[in-house]
Every structure is written in C-alpha cells, then in structure tokens.
Engineer: 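After the structure tokens below, expect a handful of questions from me.
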Amino acid sequence: MENEQLIPVVDFSAYSLDRDQPDQETFQVLIQEVFKAFSTIGFVYLVNTGIPREVVKEAFTKSENFFKLPADQKKPFTREKDNFGFVSIELEGLNPERPHKDLKEAFNYVPSTISAIEKAKKHGISPKFLDSLHLLFTQAERLHQRIVEVMGRGLNLQVKQRNGNYIAAKPIEDAVVVNIGDLMQRWTADKLVSTKHRVLMPFSEEGTKFVRQSIAFFGHPDDEEQIVCIDGSNKYPPIGSNEYLQYRFSLTY
C-alpha cells in the first residue's frame, strides 16, 4: 500500500493563501478532511496551499549554501537561549528516550529575536539567507493560522484510533506535510493526536551519499496563553504556553 493512501493528501485550495475568504462551497469538505487526518493519523499532506514555489525553492537553496560552509564559519552563529541560530550535530535531541542526540545540523529562525539577528549580521551571516528564511516564515505563519482555524471548526467531529505503526512519508512535490504537536493534543484533550515520527539513517552505502534537507515551521500559542482542555474535561492540568515550551527546550538541548 502506498504511503499516500495512509497519510491523506488534502486539497487546501478552498482556503489557499491566494484567497481573502474561504470558498463556501468546498470549505466544509476541507474542514472534514483535515480534521479526520489530525484525529486519526495526526499527519496530512496539504496541496494547493498558495505558498509560491519560488519562495520555497529560494529558502532551500540558501539553506543548502549555509550548511555547506565549513564548521568554523557556522560556529559564530550558534544557537543561544533565545532559540535563534545554528545547531551543530548531536547538540539537539528531539527524542528524550534515545541515549544519543540527533545526527543533524539545524538553523533555528525566530524573527522576533531582533538582537540575535543583528548579532548574526555583525558576524557576517548571509543577508540573502536570512531574507529567504524570513519570506518563507511569513508565508508559513499565514498558512499556520488558516490551518488552526480549519482545525477549530472541525472539533465537533468523531475521533478514530490509530494503529501505531511507522510508515514512510515520502515527499510530494509542492505539498506541505503538517502534523499535530504534543501541546495541541493536550489542548484538545486527545481529540487531535500527536503521532511519533522519526528519521532513520540510510542502511546502504549508496544511501549515505545523499543529503536529507527539510525546513520545518513550528506554530505555538502566545507565551501568555494558558493551555486548558477545550472540552472542559481537565484531562490534563492547565499549563502556561511558555512554561510548556521551556520544558520542551530543557529536554531537547
């Protein structure tokens, strides 16, 4: 069975970024399809989102150029407590159950960290690299807000269970892969599910010759928001949004 049959592909054109308002004739179908995906497997491919292809391509190209730099040229931009900057191999560990940190490099971009951005510029970071990240961030933020609205409208639907097996999420051209995070599962009292996911190292010698590159956008509530189960069940105790974020950072770094 192909992975596209297991991870749903949903047409987001009814609320594409090209639109000011959702298409009323197809919006309800979009709501149902997105909610079904998030309440069962927790993942979905979105196509026709309205994010320009050239914006994505530019961000990938400029990111690739940055990561190809020698380690000593990337070190001045190392991530600090404001969560902006370069993360070297085995510095970040997204799975606290694993004994070792992740075998990857990353660059965290947070546009609100103005002082960190200015510091990076003084150390000679490529302005075109930052510009490409900022442009994609702006588009992703707009899409994120629309996805959240779609999710909110769908929270009256029935919930189905997952089977827990890992499946491959192969890239689909011009599609955005979206998944529910742990905090959203907590907020919805498990109506929407956060599914564990992983990246495996290639087993073959041929596979190790290829580089895997991805760009992730993390949507998070405002720092002052109190996360309380929306159905009033108190299944999880209330927690501050920033408090939860700092807790996750403490496990990751």
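This structure is a prediction, so every number in the text was calculated from the model and none was measured.
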Engineer: Are more than 12 heavy atoms from other residues, nucleotides or ligands located less than 6.0 Å from atom OH of Tyr253?
Structural biologist: yes
Engineer: Just say parallel, tilted or perpendicular for the rings of Phe66 and Phe129, cut-offs at 30° and 60°.
Structural biologist: parallel
Engineer: Does Gln213 CD have over 12 foreign heavy atoms under 6.0 Å away?
Structural biologist: yes
Engineer: Do Arg19 side-chain atoms and Ser13 backbone N/O form a donor-acceptor pair below 3.5 Å?
Structural biologist: yes
Engineer: In the single-linkage hydrophobic clustering (I, L, V, M, F, W, Y; side-chain heavy atoms under 4.5 Å), do Ile230 and Leu183 co-cluster?
Structural biologist: yes
Engineer: Can you hop from Ile215 to Val44 via hydrophobic side chains spaced under 4.5 Å?
Structural biologist: yes
Engineer: Give me the one residue out of Gln226, Gln246, Glu225 that meets side-chain contact (heavy atoms from CB on, under 4.5 Å) with Ser241.
Structural biologist: Glu225
Engineer: Which atom names give the shortest non-hydrogen contact between Asp182 and Ser194, and what distance separates them?
Structural biologist: OD1-OG, 2.6 Å
Engineer: How about CG on Leu69, more than 12 heavy atoms from neighbouring residues, nucleotides or ligands closer than 6.0 Å, or not?
Structural biologist: yes
Engineer: Is the distance between the ring centroids of Phe107 and Phe84 under 6.0 Å?
Structural biologist: yes
Engineer: Taking atom CZ of Phe67 as the centre, does the number of heavy atoms from other residues, nucleotides or ligands within less than 6.0 Å exceed 12?
Structural biologist: yes
Engineer: Can we say Lys101 and Glu92 salt-bridge, meaning some charged N sits less than 4.0 Å from an Asp/Glu carboxylate O?
Structural biologist: no
Engineer: Is NZ or CZ of Arg153 both nearer than 6.0 Å to the six-membered ring centre of Tyr15 and within 45° of the ring axis?
Structural biologist: no
Engineer: Students often mix this up, so state it plainly: with edges at 30° and 60°, are the rings of His144 and Phe217 parallel, tilted or perpendicular?
Structural biologist: tilted
Engineer: May I ask you to say whether Asp131 pairs ionically with Lys62, meaning some side-chain N is under 4.0 Å from a carboxylate O?
Structural biologist: no
Engineer: Answer yes or no: is there a side-chain heavy-atom contact under 4.5 Å between His220 and Asn242?
Structural biologist: no
Engineer: If you measure from the Lys or Arg side-chain nitrogens to the Asp or Glu carboxylate oxygens, is any gap between Glu149 and Arg146 under 4.0 Å?
Structural biologist: no
Engineer: Does this structure show an ion pair linking Lys119 with Glu80, if we count only N-O contacts that are shorter than 4.0 Å?
Structural biologist: yes
